[in-house]
Amino acid sequence: MPHRVLIVDDAMFMRAMIRDILVNSGRYEVVGEASNGQESVEQYHALAPDLVTMDIVMPQMDGIEACREILKTSPKARIIMCSALGQEALVIESIAAGAKDFIVKPFSAEKVLKVLDSVMVG
Amino acid sequence: MDTSKYLDLYVTECREHLSRMRRGIPSGEEVQRSALAELFRSAHSLKGMAASMGFDATSSLAHRMETLLGRWRDGEAPTAGQSSALLAALDALDSLVDQAQATGGDQGLEEAVELAIRGLDAGPGAPVAGPASPSDRPAPPSPASQPPPVRPSGRAAPSVRVTVAIDPASPLPAARLAVVMNKVREAFPDFVMEPGLAEIQAGNLRSAAFLLPDSPQVKDLARSIQGLSEVSGVSLEREASPAAAHSDQVLVGSLRVQSADLDALLAQTSDLLFQLNAFQSGLPERERRRHRFWLESHRSSLNRLFDQVLAVRLVPFDSLVDRLGRAVRELSGRLGKPVRFEHAGSDQQVDRSVLEKLLDPLMHLARNAVDHGIEGPADRAAAGKQAEGLLKLSITREGEALFVTLEDDGRGIDLEAVRQAAAECGLYSPQEAALLDRDRLLEVLTLPAFTTRKEVSEVSGRGVGLDVVRAAVESLGGHIEMATEAGRGSRFSLVLPSAVTLTRVLVFGWEDEVRFGMPSSQVQTIVDLAVHPLIRQGSRRYLDDGGELLPVLRWGTGRSDGRGYALRIGAPQRDRVLVVSRVYQSERVVILPWGPPLEMVPEWMGGALLSTGDLAYILDGRALVKRDGEDVHVQADEG
């Protein structure tokens, strides 16, 4: 059975790209999408996905805060941060907050899947 | 600097110094002048080591000891008060080292340290208390209210150095390392990363190395790190443990093995030997000769392995003796009764689990002796005894048994009071109580809920009586032997069967090929029946051993032609004889207990693998004689 993923990104383009990579692999299924942190927390509780890809810079509530919010009630949540180059400090902050791993834009299908797979295994 | 990886070495060396110092300062005696220089050096070393670890309490206490010892060395005469203050300071240092081993720091014992320091400084001509000289203290002293953080990482030695390399193409290597560190922390929650993430980011590092305690988890962790994205490699390297070089010292504290694991290891080694023998005996003679070299070296390696596993389980009594001595000194000080604690045989080795189970009963007996057995100085003077009481611990091995004996020269147990109390507490009617003999009265002492004390003593505690000591010893398969004499003192011996150790057994058998064995210590002589035939009297047969008629045990069957051997088995009233058909050899074996239900039969001690590869059933001669006991009276009538 494919793993259920919630994709969080304020850019629909990015969401679409990630969705394609995941669905084409056959190992993942996208059960929901959110465009800001606040929405992602609500969706997480509603859908209880196996995995979340979380953009860092977003309006309303940013990714790090959303990450903290989700982990507060679901400490075992698997959250993978999506970052751009030059955001290393923010990524480290998210990891310290409990995010499991991260992927860096521009995305390559191979790298994204490797990160997701390792998080699902570990 | 991270000093935690030196902790084991620190603990080991401190213990060496402390036990050397203790030998140099015998309780209640004058310190030998010649020993002073060495005592001074030990105190100095302790101070320096503690300061390097940042253990300020330990260091300043050692500094005060050093100062006092220095004054003695330079000619000042020690006072009695100073000697005992020095012993008290040694006890405090023991506790500090225990604390360091357990927590990685030396906080939490401020009161004891202050007390010990005050004792040391109290003597005449003591200098105003000051801090240790700055040159010995690289770490700035921290106020007791603000203990420095405990460093849990890598404390347990030996440790494994884990090196993780990040893919050079990784766009965010520091963030990647952060993921790695998170993984480590999931497996080892105490793990403290050095350098921290900020430094990693600033330094643009692409690899990280850290120390973890050596455990099976480390391999799993390495595998899971290797599975992460952008990790190009993980290597594990076992660090030479600093403690390993000192393994012949008292390192009991670093042993963390379940006894059951060692039992399993022992059993597996036995299996290997057994398989080797089976293999060898199945080979045609020619092949066996051809491969003799390899077969023999294989066997000798396995035998060595076997001995080594056995040796690992054994620890000397030293640590227990130290604890006991400390308790006695502390209590004798508190009660104002001078007591000299002597011991002998602390180098005897015993299975670790046995040692642990002996601590409580011995503590209890020692406290009882100081509290109730040994009189106060005034009473002792009136009885014509030395003011100082004597408590003596001796550990000896007699045959297959280990004797741990504690004796005092106090007032002894008042057996008439025991008799009276036995009646009062309803154990016996007054008529019965009047008839109890000495041995029975002593045994009454060990019955649950019996006590000769009317008042409750802070030290011995109410309700914790000899029954607890007896239960502890019996749980080890042993028993207590007691002796007491009014006005002269008491003696308690805890008699323990040797646990898993090498036992010399005599191997014998009857008509078939089955091998039996019996501890050689139980067999006194072997008599050839061809030379000394058995004599029949009534329903029993006897061996005439130089004019002494010894009953033959009804166990096993002799040969119909009357040939064979008679093994003379020692017994309390009269020795017995076991008739066997063959005597094979005598060798040292490990007697492994049968599991239930066979272990319920007292005559069966267990099984042992012989060097020939055969299994031997080991019999307990004493139990055989006991089982035969009802015939004693029959025999007595006849004889």
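Below, chain A is the first sequence line, B the second, and so on; all start at residue 1.
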Identify whether the distance between the nearest side-chain nitrogen and carboxylate oxygen of B:Glu230 and A:Lys114 falls below 4.0 Å.
-> no
Structural part of A:Ser83 lying under 4.5 Å from a heavy atom of chain B | side chain
Shortest non-hydrogen pair, A:Ser118 vs B:Ser229, comes out as OG-N, 4.3 Å
Looking only at A:Val104, A:Asp101, A:Val115, most heavy-atom pairs under 4.5 Å shared with chain B are made by A:Asp101
Using the test side chain to side chain donor-acceptor pair (under 3.5 Å), find all partners of A:Gln38 that sit at least two apart in sequence or belong to another chain.
-> A:Glu42
B:Glu114, CD: over 12 other non-hydrogen atoms inside 6.0 angstrom | no
Close side-chain approach of B:Lys183 and A:Lys100, heavy atoms under 4.5 Å = no
With A:Glu93, which residues qualify under side chain to side chain contact (heavy atoms under 4.5 Å, CB included), at least two apart?
-> A:Ile64, A:Arg68, A:Leu90
Should we count NZ of A:Lys105 as having more than 12 external heavy atoms under 6.0 Å?
-> yes
Taking only Lys NZ, Arg NE, NH1 and NH2, and the carboxylate oxygens of Asp or Glu, determine whether A:Glu88 and B:Arg176 approach each other closer than 4.0 Å.
-> no
Atom of B:Ala174, atom of A:Ile92 and distance for their closest heavy-atom approach = CB-CD1, 3.8 Å
Donor-acceptor contact below 3.5 Å, side chain B:Asn182 vs main chain A:Ile95 = yes
